[in-house]
Amino acid sequence: MLTFPSKTKLFWSVLHTLPLPPPPKTTTISKKRAAEQNCLSLLELCNTFPKLSQLHTYILKLGLQSNPFVLTRFASTSSDLNAIHYASSFLFAPEAKTHLYDVFLFNTVIRAYAQTKDSKQSALFYYKMMVKDRIFPNKFTYPFVLKACAGIGELSLGLIVHGSVVKYGFSDDIHVLNTMVHMYCSCGGGVNFGRKVFDEMSKCDSVSWSAIIGGYARLGMSSEAVGLFRKMQIAGVRPDEITMVSVLSACTDLGALELGKWVSSFVEKEKLQKSVELYNALIDMFAKCGDVDKALRLFRNMAEKDIVSWTSLIVGMAMHGRGLEAVLLFEEMRSNGIVPDDVAFIGLLSACSHSGLVEKGRQYFELMSKEFGIVPKIEHYGCMVDLLSRGGLVKDALEFVQSMPIEPNPVIWRALTTACRARGELKLSESMTRKLIKQEPMLESNYVLLSNIYAKLLKWEKKTTIREVMGQKGIRKIPGSTMIELDNEMYEFVSGDKTHIEYKEIYEMLDEMGKELRRAGYVATTSEVLLDIDEEDKEDALNRHSEKLAIAFALLKTPPGTPIRIVKNLRICEDCHSATKFISKIYNREIVVRDRNRFHHFKDGLCSCGDFW
DNA sequence: GGCAAAAGGC
C-alpha cells in the first residue's frame, strides 16, 4: 500500500536527516549556568575590595573569567574606590583578552569612575582607551564622560569632549545635551558655553532647565537663576522637585523670603514629591531668610531626616544667635543615632562661638577627634579661633594658633586681628593685619582694617599712605550692597546709589531719618571711614550706606508697623548697626538684617546680637 | 544589562 507521507511525517524525516548537535550534557550546562548565576548574585553583595579579591579567585577557579556578564558585573558592583581599581586592573591587564571588550563594559567602568569623588580622571582615561581600541561610544557613554568632566571642572577638557560628542553624532540626544549644560556650568568660566548649548537646544525638558538654573545658583548668580525659572514657567515646562531645590538655593542666597514662601506653596499646590533634599533646601531657605522658627516646624514634620537636615537647622540656629538650641539639636541628633560629620561640627562650633559658649565649644572640639575620629580641618580651627577671640580670650586664641598643625588662613588672621583691636591690643593687631595683607593683597577690607587701627593709634600719615598703596595696586573693591524684597521684586542698593527711579524721595527720607536720629541722641561712628576727608563729609558718606538707603526705601514703601527685612552682602558696619538700633525705636519697626555672617534682629532700640558680632 | 539636573560650611 502506497501512502503519501503526511506533512508532519515529512517534517520529522527531514529533521532526522539533519546533523544533530551532540546530545546535551544537561548536567554540565546547568552546572555552568548555576555557577554563573551564583557568581552574579555574589557579585551583587560584593562591595569592598577584599571581598572582590576573594571572588576573583573563585571566578578563576570556575573558569568564568571570560564570561561577559560576570566581567561587566565585576566592573560595576562597587562604589568602593579600591574595588573599582582592582576590577579595572584585572579587566584591562596586558594579558586580558581584548576581544571581550565591548561598549557596555567600558561604559560600566567609566560610570563607576565618574561616580567616585576623587578619581573622575580615570573615567576619562578609560574613555580615551575605548576610542583608541576603536570601540565606538554609544548614547550612554557621553553622560558618564561629561559627568566626569564636570567633576574635574576644567573647561579645556570639557571643550574637547564636546568636540567628540559632535564627532560621534550625539549632539541631538537630550540626555547628552543636558549633561553638557551641567558640565559647562561646573567648569570655571564655562557658564556662558552652558547657556549657549541650552539656548540652542531644540527641545528642553525639566532636566535641562534644572541644569542651567542649578548652574547659575551654584555660581551665586541667583538673580539670573530666578529669572530663568520665570522663563521656564512662561515656556510651559513643568518644574520637578529638583528644579525647585535649585530655585530654593537661589532664594536662600538672595535672602528672598517671599519668593521662598511662594516656592513652598508651589510645591504643595503642584504636589511635587517632597524628597529629603527638597525638605532640606526648604529648611535652609527659611533659616537663612530669617524665619528660623518655620524651619524648625518643617524639620519636626519630616518623617525621615538625614545629616544635612540636622546640620541645616543647627547652622540656622547659630546664625540667629540661638546657640543653646543648636547644641541641644546636636545632642538630639546624636541620641537619634546619627553620627555627626565634619560639617555638622563646623555648624556646632560656630553656634558656640556666636553665643559665647566658650567652654562648650572647647569640649566639642576635643570630642570631635577623640570620639568621632574627625581630623580637624582649617574650618574647625577657624571656628575655635573665632570662639576664643569673641570670648575675649586673646591670649588663648594666640596660643591656639601657634599650636595648630596647619598654616593659618586669612579667616584666622582676621578673627585674631578683630579680637586684638577690640581688646585694645593695637600693636599686635597691626602686625597680624600686615600678615593678612600679605596673604590677600588685593582685598580692600584688609586695608580698611589696617587703616582703622592707624586711626586708633592716631598715626594719620600712615593712614594716608594706605590709600596711596591701594591706588598703586589697583585694589579691587567689593562694593557693599543691600537687597530688599518688596512686592515680589528684589531691589538692590549700593552706597550713594542714585539709579533707583524714586531716588529723590529716598534721599529726602534719608535726610529726615538723619534729623530724627540726631534728635534721639545718635552720634555717627566715623572711625570706620577709610577716605581721607573731613568729619562732616565722612558723616555724609556713612549716611549713604546701602543699608540706610534700603531701610529708607522700606520705610517709604511699607505700612507702619510692618517688619523690615534686608540682606547685606558684607558685614554690617558699626555705624549702620548703631543707627539701625535707633531707627527700630524711632519708627517702631522690627528690622531684620542678614549680613555676611549672621542675623541681627533689631527691636525697640536693641539688637539680638547684643552688640557683639 | 545602563544614561541627565538637587540639599548642610569659618
Side-chain angles (χ1 to χ4, degrees), chain A residues 40 68-69 71-73 75-76 102-108 110-112 114 137-147 150 170 173-183 185-186 194 198 204-215 217-218 239-250 252 273 275-285 287-288 305-316 318-319 340-351 353-354 376-387 389 408-415 596-598:
Chain A
L40 289 175
F69 287 95
L71 284 182
T72 311
R73 186 69 63 78
S76 71
D102 67 351
V103 144
F104 195 93
L105 184 60
F106 270 104
N107 284 356
T108 311
I110 292 170
R111 180 181 57 161
N138 66 9
K139 64 170 183 169
F140 296 113
T141 316
Y142 279 101
F144 302 141
V145 175
L146 288 165
K147 199 174 177 172
F170 293 107
D173 186 294
I174 193 164
H175 289 100
V176 173
L177 289 179
N178 286 345
T179 330
M180 183 114 71
V181 172
H182 176 240
M183 178 277 292
C185 292
S186 313
F198 175 79
C204 287
D205 61 6
S206 68
V207 179
S208 334
W209 286 96
S210 300
I212 189 82
I213 292 173
R218 260 180 287 125
D240 61 17
E241 71 279 1
I242 298 181
T243 323
M244 300 326 280
V245 170
S246 293
V247 176
L248 277 170
S249 102
T252 309
Q273 189 209 327
S275 59
V276 179
E277 289 91 340
L278 183 60
Y279 253 112
N280 292 347
L282 279 168
I283 290 172
D284 189 44
M285 182 279 292
K288 289 196 187 137
K305 308 174 181 79
D306 66 3
I307 181 95
V308 180
S309 331
W310 289 91
T311 311
S312 304
L313 195 59
I314 290 172
V315 170
M319 284 186 84
D341 63 3
D342 53 337
V343 186
F345 270 102
I346 293 170
L348 176 70
L349 293 175
S350 85
S353 105
H354 278 296
K377 292 205 277 193
I378 191 77
E379 287 91 341
H380 299 104
Y381 289 108
C383 286
M384 287 310 287
V385 175
D386 199 45
L387 176 88
S389 310
N409 68 357
V411 181
I412 285 170
W413 291 124
R414 217 176 337 265
R596 206 186 164 79
N597 282 347
R598 59 168 291 158

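Per chain, numbering begins at 1; letters A, B, ... match sequence-line order.
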Considering every strand and a 4.0 Å limit on heavy-atom distances, what is the contact class for [X]: base, sugar-phosphate, or nothing?
X: A/V411; result: base
X: A/R111; result: sugar-phosphate
X: A/F144; result: sugar-phosphate
X: A/D205; result: base
X: A/R596; result: nothing
X: A/I307; result: base
X: A/T179; result: sugar-phosphate
X: A/K147; result: sugar-phosphate
X: A/K305; result: nothing

### Message
Using modelled atom types and a 3.5 Å cut-off, is there a donor and acceptor pairing between side-chain atoms of A/H380 and backbone atoms of A/D342?
### Response
yes
### Query
Quick one: does A/D284's side chain have a donor or acceptor within less than 3.5 Å of a partner on A/A287's backbone?
no
### Counterpart residues, ring pair (Phe, Tyr, Trp, His ring centres under 6.0 Å), relative to A/Y279 (two or more places apart)
none
### Range on DNA chain B touched by chain A - first to last nucleotide, heavy-atom distance under 4.0 Å
B/dG1 to B/dC10
### Message
Quick check: do A/D386 and A/S350 have side-chain heavy atoms less than 4.5 Å from each other?
### Response
no
### Message
Parallel, tilted or perpendicular: which one describes the rings of A/F170 and A/Y142, with boundaries at 30° and 60°?
### Response
tilted
### Message
Among A/I174, A/L146, A/V145, A/D173, exactly one meets side chain to side chain contact (heavy atoms under 4.5 Å, CB included) together with A/T179. Which residue is that?
### Response
A/L146
